[in-house]
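Contents: one structure, followed by commentary.
Just so it is clear, the values below take in all heavy atoms, side chains as well, and ignore hydrogens, waters and symmetry mates. Both ligands and their constituent atoms are indexed starting at 1 by order of listing.
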Amino acid sequence: MADTLKPLNCPACGKEMEKVLIPSEGINLDICTDGCGGIYFDNREFAKFDEQHEDISEILAKLENKSFIHVDESQTRLCPNCGTKMVKNHSSIKKAIEVDECYACGGKFLDNSELVKIRQEYLNDEERSADVINYVYQTVGSELKEQHSKHSTIKQSALRSLFGKLTGF
Ligand SMILES: [Zn+2]
Ligand SMILES: [Zn+2]
């Protein structure tokens, strides 16, 4: 788990990341405050911060009014938690933002400012899921849409996995 006391080195710039306690969640996030401004989330942390109603003031306080070193976002990165090569995935079907994901431990790395941009894409997870449903509907037909209206609480993770299988996205 990334919220242990083990210091992590930033996968983008190599600097040691700062442990930032988020008291409301009782977790430590790893933020590259002395380097590129990137943030590493472990497999259950990211979902606590990706919706607009969720509080990221402690994260923003660490990042505001700082200038960060520029990094090449196209580079392949290694997961700072487990060392596995990370995979670049779009944060949504809008395909505007790429996030590095570790398929071994579930960690995610966001470059500076990507968290704010991801939160601006959708109001909440329901809208994010609905957009995926609409895209899949247009792509593969109406069958899934009918299923979705019958089971409107399909888990977002299940949708993402299905979407990945259908599109390779
Ligand atoms: Zn960094
Ligand atoms: Zn990992």
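Remark: the backbone N or O of Glu121 is not paired with any side-chain donor or acceptor of Arg128 at under 3.5 angstrom.
Under the rule for a salt bridge (Lys or Arg N to Asp or Glu O under 4.0 Å), Glu51 has no partner lying at least two apart in sequence or in another chain. The side-chain hydrogen bond (donor to acceptor under 3.5 Å, both in side chains) check on Lys48 picks up nothing, with sequence neighbours excluded.
Taking a cut-off of 2.8 Å, the protein N, O or S atoms nearer than that to the Zn ion (ligand 2) are Cys79 SG, Cys82 SG, Cys102 SG, Cys105 SG. Counting only distances under 2.8 Å, and ignoring water, the protein N, O or S atoms around the Zn ion (ligand 1) are Cys10 SG, Cys13 SG, Cys32 SG, Cys36 SG.
Tyr40 approaches Gly107 most closely through the heavy-atom pair OH-CA, 3.4 Å.
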Asp111 and Arg77: CA distance, side-chain angles, deciding distance, salt bridge (charged side-chain N to carboxylate O under 4.0 Å, His left out) verdict: CA-CA 12 Å; Asp111 288 292; Arg77 283 130 179 205; 3.1 Å; yes

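Taking a cutoff of 4.0 Å between a charged side-chain nitrogen and a carboxylate oxygen, Arg119 and Asp50 do not qualify as a salt bridge.
Hydrophobic clustering, with ILVMFWY side chains joined whenever heavy atoms are under 4.5 angstrom apart, keeps Val71 apart from Ile118.
Lys15 is not listed as a side-chain neighbour of Thr33, based on a closest heavy-atom distance of 4.5 Å or more.
A distance of 9.0 Å separates CD in Glu16 from CG in Asp34, rounded to the nearest 0.5 Å.
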